[in-house]
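Below is one structure, written out as structure tokens, with a few remarks after it.
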Amino acid sequence: MDEQRIYPYQLFSLIFVFELGSAVLFALGIQAKQDIWIVVIFSYLGSVIMAFIYTRLYYKYKCDLVEYLIKIWGRYVGSVISTVYIIYFFILAAIVTRNFLELLKTAILKNTPSSIIVLMGVGLIAYAIALGIECVVRVSVVYVPIIAIILIVQYLLFFYSGLVDFSSILPVLENGIIVPLKVAYRITLGFPFTEIIAFTTIYPMLAKPKKAFKMTFLALTAASVVISLNDIFIVSILGVNETARASFPLYVVVTMIKLGLLENLDAIAVIILVLNGFFKVYVFYYAGVESLKKLFKFEDCKFLLVPISVFIVAFALFYGRNYTEHIELGLRLVIPYVQLPLQVFIPIVTFIASWFRSPSIYGK
């Protein structure tokens, strides 16, 4: 894996599809009701600050997450923090896998055993890990224009189907700015925006390292526009209350499209969403494997793919007894007590601590 190189436009593509990932399954920020799109904007702004921190640490130390954690915090403390991040990456890979398992069970594979679906999905991703990241980033470059075309067609179909009523997103900031800010901080900053911390394991592979922040910023911007537009359309079609009740609101609105011979597009929508999910699970899986490799100085981690895959499969299947509990665990436990500390608080403290390790944070 060390000899592989990725180019800036490939990094942009991979971050873009990663950010869409499972985020487009849900109406992110619906807790703020019709101000849902403002929540996304606030979260995006926070993620740009965190992207600056992630990339500045990379620029200074010229290495990945595990290596600079050890340099800043020392061998013992740095190794402990790194181990936590490794577990975190694999757990998020499992949680995202569970999200798409629930979508597939709801939409098109109702009678297929959950274990079969998860085994096939994780097995495919493990195989992609074994092939190396270059294969996946090349696919992401081809996939992004396809996604762009699909999104444009999707929005046009919403309009011409007569489904959209933008009055549903009014009035703006009816309850003030505090509610959107709270929702952005408590939920959408951690999911999905600052999940890009996984890319701290990929930055060292950039052929042009100085492009790391620029490409991350552009990808976050593009993804936030898409997520915000999706949220606006979903609420404009379903209304706030129905959006809040729907398990997969984007899937629901796609099934409502009826324009002449164009109807029953749900299967196509599910395929596209699952492809998005593949990239997201892959990045988390890769980040965990690469971090494990750096922490224990393995030459090759392929021998660990089977036990890691078993862990992800087991966690995905047993994380929450049902879909409702799965979502509740995410909102009440994973985001506030796992994702925010690891994606926001620890990186900020690490960034500050790095000031005392060198007179210049920017390096050469």
Whether H326 and Y323 hold their rings parallel, tilted or perpendicular, with breakpoints at 30° and 60°: tilted

Least distance between heavy atoms, S82 atom then L69 atom: OG-CD1, 3.8 Å

Backbone N/O of Y59 and side chain of K62: donor-acceptor pair under 3.5 Å: yes

Gap between atom CD1 of I15 and atom CZ of F217 - 0.5 Å precision: 12.5 Å

Steps toward side chain to side chain contact (heavy atoms under 4.5 Å, CB included) verdict (V40, T188): CA-CA 7 Å; V40 174; T188 53; 5.6 Å; no

Under 3.5 Å, sequence neighbours excluded: what are the donor-acceptor pairs made by side chains of residues 330-338?
from : atom 1 : to   : atom 2 : distance (Å)
R332 : NE     : E328 : OE1    : 2.8
R332 : NH2    : E328 : OE1    : 3.3

D35 side chain vs L173 backbone, donor-acceptor pair below 3.5 Å: yes

Aromatic plane relationship, F311 with F315 - under 30° parallel, 30 to 60° tilted, over 60° perpendicular: tilted

Exceeds 12 heavy-atom contacts within 6.0 angstrom, atom CZ of F166: yes

pair L317-L101: side-chain heavy atoms closer than 4.5 Å: yes

E19 side chain to F16 backbone, donor-acceptor under 3.5 Å: no

Closest non-hydrogen atom pair, F18 against F279: CD1-O, 4.5 Å

Check against side chain to side chain contact (heavy atoms under 4.5 Å, CB included), F52 and F213: CA-CA 7 Å; F52 175 85; F213 177 73; 3.9 Å; yes

Within one Ile-Leu-Val-Met-Phe-Trp-Tyr cluster: Y251 and I271, side-chain cutoff 4.5 Å: yes

Ring centroid separation F233 to F158 under 6.0 Å: yes

Side chain to side chain, V24 and L273, heavy atoms closer than 4.5 Å: yes

side-chain hydrogen bond (donor to acceptor under 3.5 Å, both in side chains) between T221 and Y44, intermediate numbers included: CA-CA 7 Å; T221 302; Y44 157 73; 2.7 Å; yes

Side-chain donor or acceptor of T255 paired with backbone N/O of V252 under 3.5 Å: yes

Main-chain N/O of Y319 paired to R98 side chain as donor or acceptor, under 3.5 Å: yes

L275 side, atom CG; I146 side, atom CD1 - distance, nearest 0.5 Å: 9.0 Å

E325 side chain to R321 backbone, donor-acceptor under 3.5 Å: yes

Side-chain heavy-atom pair P209, Y203 within 4.5 angstrom cut-off: no

Shortest non-hydrogen contact between A287 and S291, atoms and distance: O-OG, 2.7 Å

V283 and I133: CA distance, side-chain angles, deciding distance, side chain to side chain contact (heavy atoms under 4.5 Å, CB included) verdict: CA-CA 9 Å; V283 170; I133 195 171; over 6 Å; no

Q34 side chain to V172 backbone, donor-acceptor under 3.5 Å: no

Charged N-O contact under 4.0 Å between E102 and K105: no

Close side-chain approach of Q31 and V179, heavy atoms under 4.5 Å: no

Approximate separation, where rounding is to 0.5 Å, of S247 OG and I327 CD1: 7.5 Å

Close side-chain approach of I272 and I147, heavy atoms under 4.5 Å: yes

Residues Y54 and T216: side-chain donor-acceptor under 3.5 angstrom: no

hydrophobic_cluster_shared for Y88 and F318, side chain cutoff 4.5 Å: yes

I348/M50 under side chain to side chain contact (heavy atoms under 4.5 Å, CB included): CA gap, chis, key distance, verdict: CA-CA 8 Å; I348 289 175; M50 295 312 302; 4.0 Å; yes

Spacing of CG belonging to L65 relative to OG1 belonging to T201, to within rounding of 0.5 Å: 7.5 Å

Minimum side-chain heavy-atom gap L305-Y285 below 4.5 Å: yes

Flag for D64-Y58: side-chain donor and acceptor within less than 3.5 Å: no

Y7 atom OH, over 12 foreign heavy atoms within 6.0 Å: no

Reported OG-to-CG distance for the pair S43 and L220, which is rounded to 0.5 angstrom: 11.5 Å

Between Y61 and S354, a side-chain donor and acceptor under 3.5 Å: no

Atom pair CG (L250) and OG1 (T243), whose distance is rounded to the nearest 0.5 Å: 11.0 Å

Could you give the side-chain donor-acceptor pairs of residues 191-198 under 3.5 Å, partners two or more places apart or in another chain?
from : atom 1 : to   : atom 2 : distance (Å)
T194 : OG1    : L189 : O      : 2.7
T194 : OG1    : Q343 : NE2    : 2.7
E195 : OE1    : K280 : NZ     : 2.5
E195 : OE2    : Q339 : NE2    : 2.8

Where N276 and Y143 come nearest, the two heavy atoms and their spacing: OD1-OH, 2.8 Å

Transitive ILVMFWY side-chain link I178 to I30, under 4.5 Å: yes

Side-chain heavy atoms of P249 within contact of L238, under 4.5 Å: yes

Heavy-atom closest pair, residues C301 and V289: CB-CG1, 3.6 Å

Y155 backbone acceptor or donor facing Y160 side chain under 3.5 Å: no

Distance-minimising heavy-atom pair for S140 and L14: OG-N, 3.7 Å

Verify same cluster id: V141, L206 (apolar side-chain graph, 4.5 Å): no

Check ion pair E67-K71 (N to O, under 4.0 angstrom): no

Hphob cluster co-occupancy, V66 + F298, side-chain heavy atoms under 4.5 angstrom: yes

Side chains of I70 and L295 in contact at under 4.5 Å (non-hydrogen atoms): yes

